[in-house]
Amino acid sequence: MLQRGLRSMWSRLNTSPIESPTPASMSSYPVALLPVSIQRALREEPQVPMFDEQAPKPPTDQEPQPVNVGNTVILALALILGIVVMIRISKLSAGVLLVIGLIGITLRTRMQSLQYQNRLHEYDQTMEQYYAILNQYSARAGQHQNLVNRALSPENLANFRAALATEILKQYEQEAAIATDLAIDNQDDKAVYGSACASQVRDLLAQYFSQYFGAAIQADVLLTLPQLDNPYLVDFVYGDREHNLYIAIVIDVPYDLKTKTALNYVDAWQDRLTSQALHENGWILLKFAEEQVWRLPKSCCRELAKLVATVSCKPEIMAEFRQVGELPRLKQWSKKRVEQLATNGYREKYLSAIAKKNSSQNP
């Protein structure tokens, strides 16, 4: 059933067009941007057969009584009424009617009493058959509900969705986008390719990434994507060949330290262009704000682990982060806000604090 569900859903998801992420998903850092087909895969549920069997209806017959008192009373009232009418015509006829009526009612009551055991036995058999059918129906309904519960259990859902996401990701050749023939030698080279994150912040995150993810992380990776005219530099790449899962990790900054030029802000066309290009080539994009990285690098690692666990169903990857808190969200900057931050020396202040901290640790 799982394989059938994967094949049918894969064919539907694979034909879905690439869409832009919704504004709500980009309102605050950290920002995790997934191709729409992956987003849909992570919301899918396994196909479970419908249980459309109707519940059996109970018998309409009521439990029999030794004597049908209601009918007896009606017959007696009818007899009395007949006698009253006949008295006006002939008392003799009324007397005859009374005798015949009493004999008829008595015989009918006697017959009902004699047939009671047979009627009760037939009723009991009918009810036994009904309850047997009802028990069989309840057993089938219970089996179906157990099937649904197993199919929709958190563990099965995670495995199903991860398998579906992996099937989608396998259509891409993300690793081919990594430019191995281009070298990044210094900070100026990084700026040329679009990365303006301070080196001390990137180095700090690199240290923790290495600790938690080891060889799965590459730093300062240039990607050559057919939709972009120039190579695109991402600060880190998380790669998982088993699941064909590649995550481009970018540290956003509001403005350039030297020129004060606004860089990363809501609806910046460069960011939208690169995000779209990554999606169309099967890449997932994870973005942090520079301030988040230098304040809470472990929590940034936790965000990456959570994303990996969701897409590739690796809950064990979260074991190392049980004592690490969630990364507080930071509202993305508007262009107007970036200009205010540049005027107030927002980046300079926290980068200065980092420099002081490093100098005190390494006198």
Side-chain angles (χ1 to χ4, degrees), residues 28-33 178 183-191 193-223 232-240 245-257 263-264 271 274-275 278 283-311 314 317-333 341 346-362:
S28 59
Y29 292 105
V31 180
L33 303 178
I178 298 176
I184 300 296
D185 297 323
N186 52 54
Q187 189 67 24
D188 290 337
D189 285 345
K190 293 177 183 179
Y193 289 111
S195 176
C197 174
S199 60
Q200 60 266 44
V201 175
R202 187 188 293 104
D203 292 344
L204 177 65
L205 188 57
Q207 175 186 342
Y208 284 100
F209 272 169
S210 177
Q211 174 185 337
Y212 288 115
F213 302 103
I217 289 287
Q218 291 179 258
D220 298 329
V221 179
L222 278 170
L223 302 179
Y232 174 57
L233 177 65
V234 294
D235 297 297
F236 301 95
V237 163
Y238 174 90
D240 177 357
L245 172 62
Y246 287 85
I247 303 174
I249 304 160
V250 174
I251 303 172
D252 273 0
V253 300
Y255 59 89
D256 182 87
L257 285 173
L263 296 176
N264 304 122
D271 289 348
T274 52
S275 297
L278 286 167
W283 283 77
I284 293 173
L285 177 60
L286 179 60
K287 304 171 75 172
F288 299 107
E290 186 180 53
E291 183 180 0
Q292 288 178 314
V293 173
W294 88 263
R295 289 187 185 278
L296 294 166
K298 286 187 178 181
S299 295
C300 293
C301 293
R302 187 182 190 276
E303 288 295 325
L304 174 58
K306 186 167 63 174
L307 181 58
V308 172
T310 299
V311 179
K314 287 184 174 181
I317 200 173
M318 294 299 296
E320 293 189 76
F321 298 95
R322 289 171 184 161
Q323 304 302 320
V324 179
E326 289 272 357
L327 182 63
R329 305 197 71 82
L330 178 66
K331 186 176 180 180
Q332 280 192 282
W333 314 290
L341 294 176
Y346 165 75
R347 287 189 69 199
E348 288 83 349
K349 290 176 183 178
Y350 65 73
L351 291 177
S352 176
I354 297 175
K356 290 179 181 178
K357 181 179 178 181
N358 291 342
S359 62
S360 64
Q361 292 177 347
N362 302 290

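For the single chain, residues carry numbers from 1 onward in sequence order. The analysis underlying the following values was restricted to heavy atoms, covering all of them including side chains, and did not include hydrogens, waters or symmetry mates.
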Any side-chain heavy atom of [X] within less than 4.5 Å of one from [Y]?
| X | Y | result |
| --- | --- | --- |
| Asn264 | Asp271 | yes |
| Leu205 | Asp235 | no |
| Gln292 | Ile251 | no |
| Phe213 | Cys301 | yes |
| Ile284 | Val311 | yes |
| Val201 | Leu351 | yes |
| Ile247 | Leu285 | no |
| Phe236 | Leu286 | no |

For [X] and [Y], indicate whether the former's side chain and the latter's backbone hold a donor-acceptor pair under 3.5 Å.
| X | Y | value |
| --- | --- | --- |
| Ser28 | Leu330 | no |
| Asp240 | Leu245 | no |
| Arg302 | Leu327 | no |
| Asp252 | Phe288 | no |
| Gln207 | Leu204 | no |
| Ser210 | Ala206 | no |
| Glu303 | Pro30 | no |

Trace of the side-chain contact (heavy atoms from CB on, under 4.5 Å) decision for Tyr232 with Val250: CA-CA 11 Å; Tyr232 174 57; Val250 174; 3.6 Å; yes
Please find out if less than 6.0 Å separates the ring center of Phe321 from that of Tyr212.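 Centroid distance Phe321-Tyr212: below 6.0 Å, so yes.
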Would you say the ring centers of Tyr246 and Tyr238 fall short of 6.0 Å from each other? no
So, for [X] and [Y], which heavy atoms are closest and what is the spacing to 0.1 Å?
| X | Y | answer |
| --- | --- | --- |
| Gly325 | Ser299 | O-OG, 2.9 Å |
| Ile249 | Leu304 | CD1-CD2, 3.7 Å |
| Ala353 | Trp294 | CB-CH2, 4.3 Å |
| Leu263 | Tyr255 | CD1-C, 3.7 Å |
| Arg322 | Ala319 | CG-O, 3.4 Å |

Kindly write out the residues that satisfy salt bridge (charged side-chain N to carboxylate O under 4.0 Å, His left out) with Glu348, not counting sequence neighbours, or none if the list is empty.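 Here the qualifying residues are Lys260.
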Over 12 non-hydrogen atoms of neighbours within 6.0 angstrom of NZ in Lys314: yes
I would like to know whether Leu341 and Arg347 meet side-chain contact (heavy atoms from CB on, under 4.5 Å); could you show each step before the answer? CA-CA 8 Å; Leu341 294 176; Arg347 287 189 69 199; over 6 Å; no
Establish, from distance only, whether the side-chain atoms of Glu291 and Tyr29 form a donor-acceptor pair under 3.5 Å. no
Please determine whether a side-chain nitrogen of the Lys or Arg among Glu326 and Lys306 lies less than 4.0 Å from a carboxylate oxygen of the Asp or Glu.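 Looking at Lys306 together with Glu326, the answer is yes, because their closest N to O distance falls below 4.0 Å.
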Interatomic distance, OH@Tyr208 vs SG@Cys300, rounded to 0.5 Å, equals 11.0 Å
